[in-house]
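Take a look at the structure below.
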2 protein chains.
Amino acid sequence: MALEHAILVSLLEQPGSGYELARRFERSIGYFWTATHQQIYRVLKRMEGDGLLRVREVAQQGRPDKKEYEVAAPGRAALSQWLHEPVEPESIRHELAVKIRGAAFDDPAALISEVERHREAHRARLAHYLSGEQRDFTGPGAPQPPGIRQELQHVVLRGGVAYERMTIAWLDDVLATLHRLGAAPPGA
Amino acid sequence: MALEHAILVSLLEQPGSGYELARRFERSIGYFWTATHQQIYRVLKRMEGDGLLRVREVAQQGRPDKKEYEVAAPGRAALSQWLHEPVEPESIRHELAVKIRGAAFDDPAALISEVERHREAHRARLAHYLSGEQRDFTGPGAPQPPGIRQELQHVVLRGGVAYERMTIAWLDDVLATLHRLGAAPPGA
DNA sequence: TCCTTGTGTGCAACTCGTTGCATAGGCAAG
DNA sequence: CTTGCCTATGCAACGAGTTGCACACAAGGA
């Protein structure tokens, strides 16, 4: 059900079409909740049917028409209700960790390039977060003083930054461990 | 498909029944991959049908019989193949982050108790990891010198510890932010 | 001219994952 | 002796999420 809520939040921040939402889910909101355009279109249709959203056909020039969605009163109420009920702390799912444990039954050194690839992806994401932070929150163009919305978006972004930094440090630890094991004789 | 691989790793570490696997997915492997017993039983059946696992009926006294699974040669090969192909870096899914951004459209202060609850859950998980680390890796009962399997399990556990520490620090940041906003006048 | 890229929406089929329920025996506490 | 918990396996139904494909039009480059 969380996709619904992520869509409500995103549409409250800014009304938009399914396509636009899909692109937001590649950045911004997508940093901590992912969805494909298929899923988004399907859920938007259902939410509209449930009266959570209003839709408006918008003609555009040089582009196909779009359906712009915005949050209706029941949608706002649904979000508010969800905010007041507890959600369970996340259960992490980390494929790479499974691989690392699995490497004990194969060749640990073969994982090195894979881990380096992940490290590079996280480094790039961190750089991306930091430039976004500069642009939207700490740079000269940022709203002064920041509103509640900016404050909350910023603290979420700081979480992303902390996550990436922690992950990069851990991947360095993993690489050091794999190199150490590569130097030692293999065996189960 | 990652559940299959997590099961292969877990059964290589120690053969066992669906029930036993389900319990491992509540600790150990479950720290970075979750699954319910339903899913596990279904996947075990499929994997056995695909020849990845061998099954053996084991009679027990005072308890129902169980089916003990162990990895067959094709299962080992499937794991090895997976280890050699790249997986995409994780897309995080963090419901609490969605809530925090959503709080801008409701009452931010109402989230405080929820965030505190999460903080407590992460604190408990960290304590649990640390005691497990002491028991299995850094304490006096740990194997000396550690084998490859221990080294890799340990580095994964260190990742869990780093994750929990980072998360607790971030939740403190979130709490400070929410308190600061609570002192200021509300408004969208 | 054709091919690719981008905007915009959507169906169909599938796998993954969750929830509720069912069965069945043993064991322990009230 | 009944209630509840633990071990142990499983079905059925649903919801969440992915993948592949399709259509339609516009713009730009080869």
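Just so it is clear: chains get the letters A, B, ... in the order the sequence lines come, proteins before strands, and each one is counted from 1.
Remark: A:Ser28 OG to A:Gln14 CD distance equals 11.0 Å, nearest 0.5 Å. Interatomic distance, A:Thr34 OG1 to A:Phe25 CZ, rounded to the nearest 0.5 Å: 8.5 Å.
Applying the side-chain contact (heavy atoms from CB on, under 4.5 Å) test to B:Leu44 and every residue at least two apart in sequence or in another chain returns B:Ile7, B:Leu11, B:Leu21, B:Ile40, B:Leu53, B:Tyr69. Residues satisfying the side chain to side chain donor-acceptor pair (under 3.5 Å) test with B:Ser10, not counting sequence neighbours, are B:Arg24. Residues meeting the side-chain contact (heavy atoms from CB on, under 4.5 Å) test with B:His37, sequence neighbours left out: B:Ala22, B:Tyr41. By the salt bridge (charged side-chain N to carboxylate O under 4.0 Å, His left out) test, A:Arg63 pairs with no residue at all, sequence neighbours left out. Under the side-chain contact (heavy atoms from CB on, under 4.5 Å) criterion, A:Arg119 pairs with A:Ile168, A:Leu171, A:Asp172, A:Leu175, sequence neighbours left out. Checked against side-chain contact (heavy atoms from CB on, under 4.5 Å), A:Ala110 has the following partners two or more places apart in sequence or in another chain: A:Asp107, B:His84. With sequence neighbours excluded, the residues satisfying side chain to side chain donor-acceptor pair (under 3.5 Å) with B:Glu20 are B:Lys66. Scanning for salt bridge (charged side-chain N to carboxylate O under 4.0 Å, His left out) contacts around A:Arg123 gives A:Glu120, with sequence neighbours left out.
Here A:Lys66 does not reach the OP1 or OP2 of C:dT7: none of its side-chain N or O atoms lies under 4.0 Å away. Contact annotation: A:Lys67 does not reach the phosphate of C:dT9 (side-chain N/O to OP1 or OP2, under 4.0 Å). The phosphate of D:dG10 has neither OP1 nor OP2 within less than 4.0 Å of any side-chain N or O from B:Tyr41.
Here C:dC16 presents its C1' atom at 13 Å from CD1 of B:Ile40, a figure rounded to the nearest Å. Distance A:Glu57 CD to C:dG8 P: 13 Å, rounded to the nearest Å. To the nearest angstrom, C1' of D:dC6 lies 12 Å from CD of B:Gln60. A:Leu44 has its CG atom 9 Å from the P atom of C:dG10, to the nearest Å.
Applying the side chain to side chain donor-acceptor pair (under 3.5 Å) definition to pairs two or more places apart or across chains, those involving residues 48-60 of chain A are A:Arg56-A:Glu68.
The stretch residues 14-32 of chain A comes close to DNA chain C through A:Ser17, A:Gly18, A:Tyr19, A:Arg23, each having a heavy atom under 4.0 Å from the strand.
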Contact string for nucleotides 12-22 of chain D, one letter per nucleotide 5' to 3', B = base within protein heavy-atom range under 4.0 Å, S = sugar-phosphate only, - = neither, reads -B--SBBBBB-
Could you list all N or O pairs between the protein and nucleotides 23-28 of chain C that sit under 3.5 Å apart?
none

